[in-house]
Amino acid sequence: MERIKRLWNQMMRKKRLTGDIMETPLMRCLGTCELMLFGLGHMMGAGIYVVTGSVVSNIAGPATVVSYAIAGFAAFLSAICYAEFAAMVPKAGSAYAYTYVTIGEFWAFVIGWNIILEHLISVASVGRAWSATFMTLISSGNTSFVEPEVEIDQWLVVKPDFIGAIAIAVITVFLVIGAKTSAGVNNFLTLTNGAVILVVAIGGFCFADLSVWDKEGFMPYGVKGTIGGAAVCFYAFIGFEGITIAGEEARDPARSMPKAIMGAMAIATIAYVTATLALTLMVPYYEVDSAAAFPVAFGDKDVGWLKYIVTGGSLFGITASMLGSAFALSRSIYALSNDGVFFKFFAKVNSKTQTPVVAILVFNLFAAVLASLFEVEVLIEFMAIGTLLAYSIVAANIVVIRYSPADEGDISTGPEIPGQDLQEFVKVCESENIINSDKEKAVVKLKPMFENLPGLRSVKSGRAVIYSLVAMVVLLIVTSSVVAFGAEYIQERNCWVITLVVILAIGIALSLFVISAHQQNNATTTFQVPFVPVIPMASIFINVTLMMQLSTFTWLRLLVWQTIGFLIYFGYGRANSNENIPLSAESEVKYDGKAICDIRASNSNLLQDDGALNMMTANSARCQTTQHDDSKLSMMSDDSA
């Protein structure tokens, strides 16, 4: 039992930020415009040129316009949750870093591991799309560098695609040189791509024919196809996370990152909807090329010069997307490795370029291999499910932080140790939430109008919020499953399905009421998500609903990836984490006979009180007890070393 408790404490330990939160070995050189262009470059290349053709031809048809709108709304809800954390914790690693500081190490690793998957697959899929677009530029009608001789399970190709791998290798060079160079290249590519997208929209509407929708219908794959298309289209919006991952290289993250996220999301959504409208009005959905939709569409209209402009612009956009994904991938790995929960040699930063060179080289090579072997559609689905899972955890974290006591919800650095004055040290510990004195513990309080409700009075406020949050998440998952797999029964007004939905809705409403009945911690002075907990819960519901649209094989691949991650965490990360301190190096302070805090040996050895207090050192293995005349403090340690 003691081992289980110790394991749980290790999994839930939080990263405490010490010193200057803005201090970093990386270079803070990115402003709001550069951050926004990073996000746009990541999103607009991948979304328009990789996702659109596949979804239109195989999943949703012309209703892909609606799919993009749904995916954009879901991404917006996730984006504003990210924006709050990005302003609060300006560190590399995005949601991983935020969760580590606010929730705990295990959940942070789960998110970080899925973020690595997200950007790894993004680099690979965009690399494969780069190859298809390049071959369209230099040939007529051939949209792929190779036609696979054999397919295994419809997702693994035998003959490799080397052009995509070479493109990834070229991008790697710019990343190794430095963040400022990467940003400059990205700005040029993104602005050029934006001009080409404008040409695509105008050119597409010039060839628009409303009868195309009339002949085949706007929604040939039905509502299920439209929602399924939204799950895949969500891939097109994940670039906003690249903005938050660059937080440790932003000059003024608290101000610039929320602005960059919101600006990039708005521009990208408008671009996706406009370009998809133009494509589906220009060509019947069943004639859309899934690998290079826009170049082939203009080629079919005998507008050769426009085809080459669009194809060239596509290469600029896809290259920018690949650069953004590869940048985010290396910074995510750096963040996990720098904290010790992933292999530490990946955190090595080159002193000249100030970039994590080892992480860039190794994982870009891995992405190049994936680009050579896997089909684009499979890569996109695999990435989407991991991304949606990470975004859902982030949304839940917003609720946890917002309803935590003020001293727990604030992100603060460690206290200044006052040296000789033990009484002053205890006061500082209490003010920094290292010591919770028995005088007055911070609690999550009910709002005045709900203080006398019997059901809420009998449960500790903090626990009531957590219980309600867990219950709501479970109910949202069940509701999403019913919506995903029982849509036909709902349309047929099946009695038992409708009854189940009503019961679930009542449960969700009650959980929402319990959470909303408590006072929020609004102590943070940076950007905050409005309408909490409604917006985070809506984000979770939409994300889970989209996840339910993905194939069984995609879920199995996610399970394999998570299993590998768990093996790494429990086999390596848990023991090598920077937050892991042996039990013999920790001390437990007793005040008036009651435990009030854990003080690490690194702080303890700074305390001296003229012999009145015998301090535990990092090598001690036994409990030593002494009394202080006034405060009756005693320092105790676990028996085990």
Side-chain angles (χ1 to χ4, degrees), residues 46 50-61 64 67 71 74 110-111 113-129 132 144 146-161 164 221-236 238 290-291 325 366-367 369-393 477-478 480-488 542-568:
V50 178
V51 174
T52 304
S54 176
V55 175
V56 169
S57 61
N58 302 320
I59 302 176
T64 302
S67 298
V110 170
I111 288 181
W113 189 240
N114 280 286
I115 289 174
I116 290 175
L117 171 66
E118 168 191 332
H119 296 295
L120 179 66
I121 299 300
S122 180
V123 174
S125 60
V126 176
R128 196 162 184 86
S144 178
V146 291
E147 290 294 332
E149 293 181 346
V150 181
E151 291 186 353
I152 303 174
D153 186 32
Q154 299 182 350
W155 55 270
L156 178 64
V157 297
V158 173
K159 188 180 290 185
D161 179 357
Y221 295 96
V223 176
K224 185 175 180 61
T226 303
I227 298 176
V232 180
C233 287
F234 193 88
Y235 163 85
I238 65 170
S290 61
S325 298
F366 189 16
V369 173
L370 293 177
S372 300
L373 298 179
F374 288 85
E375 294 287 10
V376 172
E377 290 82 1
V378 174
L379 291 171
I380 290 173
E381 279 203 5
F382 191 22
M383 185 194 64
I385 192 169
T387 304
L388 289 166
L389 176 60
Y391 289 0
S392 298
I393 297 175
I477 292 173
V478 176
S480 300
S481 302
V482 173
V483 171
F485 301 112
E488 295 180 1
I542 296 175
N543 292 344
V544 174
T545 301
L546 295 179
M547 290 173 69
M548 295 296 176
Q549 306 300 317
L550 301 175
S551 67
T552 303
F553 279 110
T554 302
W555 280 91
L556 291 176
R557 293 175 197 126
L558 177 66
L559 179 62
V560 171
W561 178 260
Q562 297 299 337
T563 302
I564 295 173
F566 292 156
L567 291 175
I568 292 175

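The figures here come from the full heavy-atom set of this structure, side chains too, leaving out hydrogens, waters and symmetry mates. Everything quoted here is computed from the prediction, not taken from an experiment.
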Test ring-ring contact (aromatic ring centres under 6.0 Å, His included) applied to F234 - qualifying residues, sequence neighbours left out =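 Testing F234 for ring-ring contact (aromatic ring centres under 6.0 Å, His included), a comparison that skips the adjacent residues, returns Y391.
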
Pairing residues for F566 by the ring-ring contact (aromatic ring centres under 6.0 Å, His included) criterion, not counting sequence neighbours |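 Here the qualifying residues are F106.
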
Of all heavy-atom pairs between [X] and [Y], which one has the smallest distance, and what is that distance?
X: G229; Y: I59; answer: N-CG2, 3.4 Å
X: T545; Y: S480; answer: OG1-OG, 3.1 Å
X: I564; Y: W113; answer: CG2-CZ2, 3.8 Å
X: C233; Y: S67; answer: SG-CB, 4.0 Å

Side chain to side chain donor-acceptor pair (under 3.5 Å) partners of [X], counting only residues at least two apart:
X: S325; answer: H42, S122
X: S551; answer: E381, T554
X: S57; answer: none
X: T226; answer: none

Using side-chain heavy atoms (C-beta onward) and a distance below 4.5 Å, is [X] in contact with [Y]?
X: W555; Y: I385; value: yes
X: N114; Y: L558; value: yes
X: F366; Y: V123; value: no
X: M548; Y: I477; value: yes

If I take atom [atom1] from residue [X] and atom [atom2] from residue [Y], how far apart are they, to the nearest 0.5 angstrom?
X: I393; Y: I111; atom1: CD1; atom2: CD1; answer: 4.5 Å
X: N543; Y: T387; atom1: CG; atom2: OG1; answer: 10.0 Å
X: E118; Y: I115; atom1: CD; atom2: CD1; answer: 6.5 Å
X: L389; Y: W561; atom1: CG; atom2: CH2; answer: 13.0 Å

Please list, chain by chain and in numerical order, all residues satisfying side-chain contact (heavy atoms from CB on, under 4.5 Å) with V369, sequence neighbours excluded.
->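 Residues passing side-chain contact (heavy atoms from CB on, under 4.5 Å) with V369: L373.
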
